K.L.:
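This structure is in structure tokens; I'll ask about it shortly.
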Protein chains: 2
Amino acid sequence: MKRPTIADIARRAGVSKGAVSYALNGQPGVSEATRQRIVAIAQEIGFNPNSAARALSGASARAVGLTLCRPARILSIEPFFMGLISGFEQELAARSYALTLQVVATPQTETDVYRRWWGERRVDGVFVTDLRENDIRIPVLNELQLPAVVIGGPGDTGQLPQLWSDDAGAITEAVGYLMALGHRRIARVGGLPDLLHTQTRTRAFTEVCASLGLSEAVTVPSDYTGEEGGRATRRLLINAERPTAIIYDNDVMAVAGLSVAQEMGLSVPGDLSIVAWDDSPLCSLVHPPLTALTRDIAAYGAHAARQLLAAIAGEPVKDVEEGTAHLTPRGSTAPPRDS
Amino acid sequence: MKRPTIADIARRAGVSKGAVSYALNGQPGVSEATRQRIVAIAQEIGFNPNSAARALSGASARAVGLTLCRPARILSIEPFFMGLISGFEQELAARSYALTLQVVATPQTETDVYRRWWGERRVDGVFVTDLRENDIRIPVLNELQLPAVVIGGPGDTGQLPQLWSDDAGAITEAVGYLMALGHRRIARVGGLPDLLHTQTRTRAFTEVCASLGLSEAVTVPSDYTGEEGGRATRRLLINAERPTAIIYDNDVMAVAGLSVAQEMGLSVPGDLSIVAWDDSPLCSLVHPPLTALTRDIAAYGAHAARQLLAAIAGEPVKDVEEGTAHLTPRGSTAPPRDS
DNA sequence: TGAATTTACTGAACCGGATAAGTGACGCGA
DNA sequence: TCGCGTCACTTATCCGGTTCAGTAAATTCA
């Protein structure tokens with residue numbers, strides 16, 4: 001089956017290629033009657049403009065890119081990215097933008113991919129996730145002038161617009177809630193320590209606890225995997241002065257932590273309260289269901305996509321702080337037994 | 001920053017554009033000395049061929065597509081697809097193929113996306129997952145002559161090559177294992193009933209149980225979500241003659257089922273044994289860890305990607321049955337208490 | 001040694017759109 | 001009635017690769 005081109009439409013309509021192009025793109029230069037005739041023919045023969053030809057003649061590639069830099073075993077179970085992708089798609093699909101995905105091993109490889117995509121003119125812009133301190137991807141993107149939106153700051157991104165959520169507010173709410181329940185020894189199992197938003201959370205957690213008079217607010221670094229989350233939990237619970245509540249930086253570690261606590265004979269929430277950061281169906285699935293800091297990740301992704309499309313269109317894009325995650329209390333939190 | 005083109009290389013090397021193209025693509029027509037000089041220059045200035053230009057001049061788009069037809073809330077937590085995608089990427093990245101993703105709502109939309117991708121010449125081929133009976137996507141792909149690999153058969157796919165795993169073998173192993181433990185009332189919570197591989201599994205489950213003399217082998221249809229999986233479990237456990245073991249068609253439903261059982265005061269594995277189909281870190285995370293039918297989903301995806309690339313290259317591709325999933329016994333299975 | 005073949009290139013056409021520049025017809029005001 | 005501006009197009013060029021046809025020089029072979 002042959003792909004229809006504008007030349008085919010032009011022949012059938014008895015006009016030139018140029019007229020067809022103007023008509024289909026809503027440009028002035030054709031009469032309304034002709035435009036409608038051309039559009040009807042395009043519809044009838046199922047015309048879709050060849051994206052390569054369009055990209056080649058200076059217009060956009062109508063595609064954006066996303067690189068994922070996490071090992072496969074984390075990606076498969078981490079609900080965050082799929083939620084984000086679903087959000088991207090809501091906006092992208094509506095405007096017929098394609099999303100190009102690449103799973104990479106290191107941030108270094110990520111910059112290589114950006115360079116290649118840029119050289120190949122394969123994408124009009126990219127989403128940058130997991131911002132780090134002195135992130136090597138930022139100068140590359142600035143050098144290439146490749147439109148991008150940075151998710152997971154705030155940080156120093158040069159000209160690149162960024163989007164983040166109010167982690168300090170969220171953690172304030174969570175700690176406040178646990179204190180109100182009577183908890184005084186609250187720990188946190190953090191995400192990858194070199195990610196900027198992990199650092200933001202750690203700083204906020206320390207400050208909030210200090211301001212509320214909790215001296216022993218410890219954060220144990222981890223890597224978002226269930227194994228590490230479980231190990232960190234075990235280390236925390238072995239202590240004589242073990243915490244009565246733990247906040248986890250993602251749902252997977254929270255579930256693993258719950259499992260470790262039960263395995264050690266501790267009851268949740270009787271002996272230990274658990275709060276998961278980022279809610280997902282996973283949190284409601286386990287027993288007891290986990291109290292979580294809920295935010296609408298798909299909406300977050302959709303917002304990022306709108307920003308990226310605006311940046312690609314050359315519109316000015318400002319940094320945005322998305323709303324604060326709010327606490328969804330479930331069965332995993334209660335007053336500590338011995339309080 | 002200007003993108004380097006072959007014209008830039010040609011100028012610096014003092015040859016024509018054609019010679020550069022031959023040199024970089026390993027075609028005959030240039031001397032070895034010239035080829036090396038050209039390759040060196042390309043390396044030095046960081047040349048990447050413009051994918052649009054390449055696609056336009058008849059060569060391939062060097063991209064393949066994947067449509068995901070599941071609601072966002074399932075996608076985010078279902079580890080299968082991310083595992084599959086990681087597997088695709090292993091093969092695709094090695095050959096600089098891009099993966100284009102689109103999340104859609106219905107199989108009808110999926111065919112629209114295929115048509116658009118084909119018309120836009122955006123992808124060279126697609127992965128088809130979740131094969132259904134009389135799947136409307138198959139005739140469209142055959143009509144468009146768009147190379148594709150079908151994952152999740154076996155079924156009637158016309159000329160399209162397919163890849164599936166030996167579900168009958170896996171379920172035989174699982175049922176045999178549970179029987180050996182002493183279980184006689186085994187139930188199954190199935191996946192979406194209109195998916196072909198769900199039907200294969202249901203048929204195999206029924207047959208295996210019948211051949212082993214288990215009369216009451218019931219399959220309850222579900223939709224892969226935790227909520228539905230939990231509800232199905234509750235329905236099964238309410239019965240006076242409740243099953244002593246349940247096999248779940250995915251890990252999410254298995255975890256939900258575990259939670260429901262515990263909530264109802266049943267001990268796992270004492271009162272109820274649980275087997276999850278498809279292992280993921282999720283299964284090891286919960287307490288007790290779930291016995292699972294393990295297969296290497298990333299390898300499965302990599303295999304599918306190799307098949308698709310071969311099909312795109314015009315090589316003959318045969319249908320393949322991947323290896324059987326094998327049982328990984330963990331803490332969620334034991335002899336029934338009253339046996 | 002001369003013809004035939006091979007090698008190593010060059011030049012130009014082509015893919016399918018976007019778009020700047022050019023053209024003829026028409027309407028309108030002076 | 002002439003000239004000007006506007007409309008509705010057409011024509012031609014460009015994007016950056018691939019590829020075919022052509023060509024001059026080098027090599028092979030009788």
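Only a predicted model underlies this, so the values are computations on that prediction, with no experimental measurement involved. Throughout, a chain's letter reflects where its sequence line sits, starting with A, and its residues are numbered from 1. Below, each value reflects all heavy atoms present in this structure, side chains not excepted, and no hydrogens, waters or symmetry copies.
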K.L.:
Can you name the nearest heavy-atom pair linking Val64(B) to Val123(B), along with the distance?
P.N.:
C-CG1, 3.8 Å
K.L.:
Can you measure Arg121(A) atom CZ to dG16(C) atom C1' for me and round it to whole angstrom units?
P.N.:
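To the nearest whole Å, that distance equals 16 Å.
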K.L.:
Roughly how many Å is it from CD in Glu120(B) to P in dA18(C), rounded to a whole number?
P.N.:
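Rounding to the nearest Å, CD of Glu120(B) and P of dA18(C) are 12 Å apart.
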K.L.:
Expressed in angstrom and rounded to an integer, what is the separation of Leu56(A) atom CG from dC15(C) atom C1'?
P.N.:
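Those two atoms, CG and C1', are 9 Å apart.
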K.L.:
Any side-chain N or O of Arg3(A) below 4.0 angstrom from OP1/OP2 of dG16(C)?
P.N.:
no
K.L.:
Between Ser57(B) and dT19(D), is there a contact of a side-chain N or O with OP1 or OP2 at under 4.0 Å?
P.N.:
no
K.L.:
Which residues within residues 15-28 of chain A lie with some heavy atom under 4.0 Å of an atom in DNA chain D?
P.N.:
Val15(A), Ser16(A), Ala19(A), Tyr22(A)
K.L.:
Checking all strands, does Ser51(B) fall into the base, sugar-phosphate, or nothing category for heavy-atom contacts under 4.0 angstrom?
P.N.:
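The answer is nothing, as Ser51(B) stays clear of every strand by at least 4.0 Å.
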K.L.:
Can you list the steps and then say if Val126(A) with Thr67(A) is a side-chain contact (heavy atoms from CB on, under 4.5 Å)?
P.N.:
CA-CA 8 Å; Val126(A) 295; Thr67(A) 52; over 6 Å; no
K.L.:
Any chance you could lay out the side-chain contact (heavy atoms from CB on, under 4.5 Å) test for Val39(B) and Leu24(B), step after step, and finish with the verdict?
P.N.:
CA-CA 6 Å; Val39(B) 169; Leu24(B) 295 179; 4.2 Å; yes
K.L.:
Return the minimal non-hydrogen interatomic distance between Ser76(B) and Gly83(A), and the atom names on each side.
P.N.:
CB-N, 4.0 Å
K.L.:
Could you check how far CD1 of Ile38(A) sits from C1' of dT10(D), rounded to whole Å?
P.N.:
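After rounding, the gap between these two atoms is 12 Å.
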K.L.:
Once you apply a heavy-atom cut-off of 4.0 Å, does Gly14(B) come out as touching a base, just sugar-phosphate, or nothing?
P.N.:
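Sugar-phosphate contact only - Gly14(B) comes under 4.0 Å of backbone atoms but never of a base.
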K.L.:
At their closest point, which heavy atom of Leu75(A) faces which heavy atom of Ser86(B), and how far apart are they?
P.N.:
CD1-OG, 4.3 Å
K.L.:
Compute the bend angle of the helix from dT1(C)-dA30(D) to dA30(C)-dT1(D) from the end axes (five pairs per end), rounded to 10°.
P.N.:
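The helix from dT1(C)-dA30(D) to dA30(C)-dT1(D) shows an end-to-end axis angle of 50°.
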K.L.:
Can you tell me which nucleotide in dG16(D), dG17(C), dC9(C) comes closest to the side chain of Asn50(A)?
P.N.:
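Of the options given, the side chain of Asn50(A) lies nearest dG17(C).
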K.L.:
Which whole-number value in Å describes the distance from Ile9(A) CD1 to dT10(D) P?
P.N.:
14 Å
K.L.:
Verify, without hydrogens or angle tests, whether Gln162(B) (side chain) and Gly155(B) (backbone) share a donor-acceptor contact under 3.5 angstrom.
P.N.:
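Present.
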K.L.:
Show, in sequence, the C-alpha distance, side-chain angles and deciding distance for Ile85(A) and Met82(B), and conclude whether the side-chain contact (heavy atoms from CB on, under 4.5 Å) test is met.
P.N.:
CA-CA 11 Å; Ile85(A) 289 173; Met82(B) 266 297 183; 3.9 Å; yes
K.L.:
Starting from C1' on dC9(D), measure out to CZ on Arg37(A) and report it in whole angstrom.
P.N.:
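Rounded to whole Å, this separation is 12 Å.
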K.L.:
Taking atom CD of Glu133(A) as the centre, does the number of heavy atoms from other residues, nucleotides or ligands within less than 6.0 Å exceed 12?
P.N.:
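For Glu133(A), atom CD is not crowded (no more than 12 foreign heavy atoms under 6.0 Å).
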K.L.:
Please figure out whether Gly29(B) or Ala7(A) has its closest DNA chain C nucleotide nearer the 5' end.
P.N.:
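Closest to the 5' end, via its nearest nucleotide, is Gly29(B).
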K.L.:
Using whole Å, what does the distance between atom P of nucleotide dG16(D) and atom CG of Asn48(B) come to?
P.N.:
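My rounded result for the distance is 14 Å.
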K.L.:
Name the one of Asp130(B), Leu131(B), Asn134(B) that satisfies side-chain contact (heavy atoms from CB on, under 4.5 Å) with Leu196(B)?
P.N.:
Leu131(B)
K.L.:
So, is Arg54(B) close to the dT18(D) phosphate, meaning a side-chain N or O under 4.0 Å from OP1 or OP2?
P.N.:
yes
K.L.:
Exactly one of Glu322(A), Glu91(A), Glu315(A) should register a salt bridge (charged side-chain N to carboxylate O under 4.0 Å, His left out) with Arg306(A). Which one does?
P.N.:
Glu91(A)
K.L.:
Report the distance from atom CD1 of Ile6(B) to atom C1' of dA12(C), rounded to the nearest whole Å.
P.N.:
13 Å
K.L.:
Taking only N and O in the side chain of Ser31(B), is any of them less than 4.0 Å away from OP1 or OP2 of dC9(C)?
P.N.:
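Yes, within the criterion.
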